[in-house]
Amino acid sequence: MSHQENARGPKPKRLTSSRIGIYAFLVIAAAFFLLPFYVMVVTSLKGMPEILKGNIFALPEKPTFEPWVIAWAKACTGVNCDGIRVGVINSFKIMIPSTFVSILLGAINGYALSFWRPKGGNVIFAILLLGAFIPYQVYLYPLVRMLSQVGLYNTLPGIIAVHTIFGLPVMTLLFRNYYVAVPIDLFKAARVDGGGFWTIFFRLMIPMSGPILVVAAILQVTGIWNDFLFGLIFAGRDNLPMTVELNNIVNTTTGTKAYDVNMAATILTAMVPLIVYFVSGRWFVRGIAAGAVKG
Amino acid sequence: MEPSVSIRDLRISYGALDVMRDLQLDIQPGEFLVLLGPSGCGKSTLLNAIAGLIDVSDGEVWISGKNVTWAEPKDRGIGMVFQSYALYPQMSVERNLSFGLRVSGHPKDDIAKRVARAAEILQIEPLLKRKPSHLSGGQRQRVAIGRALVRDAQVYLFDEPLSNLDAKLRVDLRVEIKRLHQRLENTMVYVTHDQIEALTLADRIAVMQGGAIQQLDDPLTIYNRPKNLFVAGFIGSPAMNFFHGALVEAGGGLAFKGQGLEVPVDGYETSGPLAAGQKVILGVRPEHVPFAEAAAGRPGAVEGRVELEEPMGADSLVWLALGEGQMSVRCSSGKRYHPGDRVPLAFDMTRASLFDADGQHRL
Amino acid sequence: MKPLRLRNLTPQVALIPTWAIVIFAYIGTIVWTIRISFTNSGILPRYDFVGWKQYDRLFHSQRWSISVENLAIFGVLFIVGCLVLGFLLAVFLDQRIKGESWFRTIFLYPYAMSFIVTGLVWAWIMNPTLGIQRAVENWGWTSFTFNWLSRGDRAIYLLVIAGVWQAAGLVMAILLAGLRGVDEDIWKAARVDGIPAWRVYLSIVIPMLSSMFVTAIVLLAIAVVKLYDLVVAMTGGGPGISTEVPAKFVIDYLFNRQNIALATAAASVMFVAVLVVLGPWLYSQYFRKGRGAQ
């Protein structure tokens, strides 16, 4: 092969065994990754009698949307039988303000730390960074006490505050890294033109922060939506987010298990972050790279 | 003599787009050939095709009398040096040099001998234990050259090896590469966009543009007798002055007339018949213009008005308004000129160039 | 002079909320937690001082030692599993694959979902009566058994599978970005040198990506220490207490078993362990380099 007298033009393409192996590996891996999603969907479309036959991988014989309706409006968590829709609303009520406040605060921090370099800035940054890595268990009990002191424990503002507090490290890091890459001369020019702290922030920095705002929003929306621990502890019975509701529905110990309803509820819970993921595409990956300390 | 590298009917295309077609090139054993051209002209593509790093769409590549069109790069008897050095970052210099040989299972003592020789030639013995990250740019490029040398190849390929270095290092290493070639007497193919590198290093230069070789000649011919307008304009700094006009009958001979100038073309070494009425482009290098005293008494001397002067140390560049055009003249007399000065200058037709109206051919 | 000072005060004012959060929510809570761990508190905090008593109890608690052991098993297998699978996926995706973006999307989507969702789905698939086991039986292989979810000695490995399924895509995304950043000339040089592709990955590319591997390991390690949701959703710590983990230990003793002193002692141990492991890495990552960069 290395030396042929009459070789001419492109090297003949062969579908080599290594090439086949690569695709085989990728296809098998893809099957492994898709399998749970497939099982979720087919289970949610079967009736319980069909599920009890035990062919978890089989397509539904008589597809029905009944489980979805029950999951949405009638599934029980303990004594409440209002379905998962309550959790959906709660999750949105928690997610939207938490995302907004944590991004705003993170942007202000990143901006102040990278351009104004205030005294103690490095200390703040160091503690926030460290804070992102430390298991939440260390903070939980005192935080519960503090929030009850000011009457925010088990309230909507309380859970929003908790998400803001623990979203702050990643948001600060994200914006600091973004602003550090902005030419300092731009900032100096704005100072020379007489811009103050807030003028420069709102008129100059925020308008040029589009990409990082998108990344931050993706991180926070998916992160807060997927949260279980904080919702469980801080939200209070009336504000339980969807993840907590879902776990309550599925892992309720009373009565027979309705696997079809459970899987329908599970898909419903995964819907929002999945939509964000599929719509955002490459931005999601950027978020992973940028928020490399996401916990 | 059988050429060291031979490219026959080469075509390279991406999808429906031909970036190179019907390219022929023979490189003689021991020759230092430079592929020169602006970025995107296809010079690196051609080098990669010789190395076997890209697939050709048609045609053949022969190296040392063997058809290597389908051969892997490692089997082509080549060594290659890259612009970004491409050293293996986590390995010491010594391992960088020896890694390829180790992987292909060469005997240990042979590897040691080759590494020692390459290190001696390039004077990098003190660096052998270091990692690339602890080397300067010039040292890194030496190591990269060393990695090519240990392969004991018949042909060495250089892909803009000096472009990432600063100006001074570039001159130093250029001299070194020339020495290396004199010592090894291997065939070398060298890609650059820097005409000084090309002119100083090459036995022959292939000036490329648009995926085709515009002219393949020794450096002096390229400089003095460019084959077309592109080569004329690309080679030389500051660039050649061009005047558009036509040939006219004047005083028994032919003269160039255009842009407010009329210059007799006596003495022009033409490669074909010239005829009155022919539209032409006249090209004159700034350093080939008899100027001031030197122009006095020459036939066809004209007067230009100085617009500005750029002193450059050894000489200076004077920009003049002339007829309806403008030209630059290199002046080494040490005399200063001021805007508005009127200075005589002449056209030395023995060193000028004439091209046809579309600039495709030298007349 | 005066207006200038006033203006420079604004950044400090803007950082007041952050300072408050740092002082109260981060430092304050940690100090408070550690303080309680040295008391005899039950349902409500008391501020006596009993020395290392709670730590002594903790380290003699079987539930805690099982939790730590599980964390170690899960941690090692999960991190190794994600790195190996993620790296392989990244390398295979880097071979000019048709439909690359489809594959990438498929490999990463689990990472967008909640650990609760992951846990519930895998618990369903692994369901000892209606899951894989039954399906395979129905296909005719009647002696097939796969009841790990109900076996105390095996359930932890199912958590690993679910965890790897969720997070391998993350490693793939990080490493694929790294592979795409490798200088093309390095690959050309290796081809001229005649080094086979697998050898290039092993000897040249992996060392080049070492910082990306470290990033991935740190991200995965954080997920390991915080491991809670997945266990709650998939096994609830069972069967028995065979899949308990430290994070769950703390939450259970804080809110269900009303023994906050023991819970905070456990939390403090987690805190110190993380600090010891991550401190030096964080310092080198952000401060040594950070100063140079500014």
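In what follows, chains carry the letters A, B, and so on, assigned in the order in which the sequence lines appear, proteins first and then strands, with residues in each chain numbered from 1.
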How far does CZ of B:Arg102 sit from OG of C:Ser203, to the nearest 0.5 angstrom?
10.5 Å

Using the side chain to side chain contact (heavy atoms under 4.5 Å, CB included) rule, take C:Asp185 and B:Tyr85 through it: C-alpha gap first, then chi angles, then the decisive distance, then the call.
CA-CA 8 Å; C:Asp185 281 354; B:Tyr85 322 131; over 6 Å; no

Segment of B:Asp159 engaging chain C (4.5 angstrom heavy-atom cut-off)
neither

Which portion of B:Ser104 sits near chain C, non-hydrogen atoms under 4.5 angstrom
neither

Taking atom CD as the centre, does B:Glu125 end up with more than 12 heavy-atom neighbours from other residues, nucleotides or ligands that are less than 6.0 angstrom away?
yes

Please check if the number of heavy atoms outside C:Tyr157 that lie under 6.0 Å from its OH is greater than 12.
no

Listed pairs under 3.5 Å, donor-acceptor, residues 159-178 of chain C side chains, sequence neighbours left out:
unit_1	atom_1	unit_2	atom_2	d
C:Trp165	NE1	A:Phe32	O	3.4
C:Trp165	NE1	A:Phe33	O	3.1
C:Gln166	OE1	C:Thr118	OG1	2.3
C:Gln166	NE2	C:Met113	O	3.0

The reported gap from CZ in B:Phe82 to CG in C:Asp183 (rounded to nearest 0.5 angstrom) is 9.0 Å

Any chance you could measure B:Ile54, atom CD1, to C:Lys188, atom NZ, to the nearest 0.5 Å?
7.5 Å

Considering all heavy atoms, the nearest C:Ala189-B:Arg147 contact
CB-NH2, 3.3 Å

Would you say that more than 12 heavy atoms from the other residues, nucleotides or ligands in this model lie under 6.0 Å from the CZ of C:Arg180, or not?
yes

Passes side chain to side chain contact (heavy atoms under 4.5 Å, CB included), B:Tyr88 versus C:Asp193? Steps please.
CA-CA 12 Å; B:Tyr88 311 135; C:Asp193 266 353; 3.0 Å; yes

Using the rule given for side chain to side chain contact (heavy atoms under 4.5 Å, CB included), can you reason through C:Ile195 versus B:Lys74, listing the C-alpha separation, both sets of side-chain angles and the distance that settles it, and then say yes or no?
CA-CA 8 Å; C:Ile195 301 162; B:Lys74 68 178 164 77; over 6 Å; no

If one checks every heavy atom of B:Leu101 against chain C at 4.5 Å, the contacting part turns out to be neither

Residues from residues 77-87 of chain C approaching chain B under 4.5 Å (heavy atoms):
none

Closest non-hydrogen atom pair, C:Met208 against B:Pro89
CG-CG, 3.2 Å

Using a 4.5 angstrom heavy-atom cutoff, name the option from B:Met80, B:Gln90, B:Gln83 with the most pairs to chain C.
B:Gln90

C:Trp19, CH2 atom: more than 12 neighbouring heavy atoms under 6.0 Å
yes

Hey, is CZ on B:Arg21 packed in by over 12 heavy atoms from elsewhere, all under 6.0 Å?
no

Between the side chain of B:Arg151 and the main-chain N/O of C:Val192, is any donor-acceptor distance below 3.5 Å?
yes

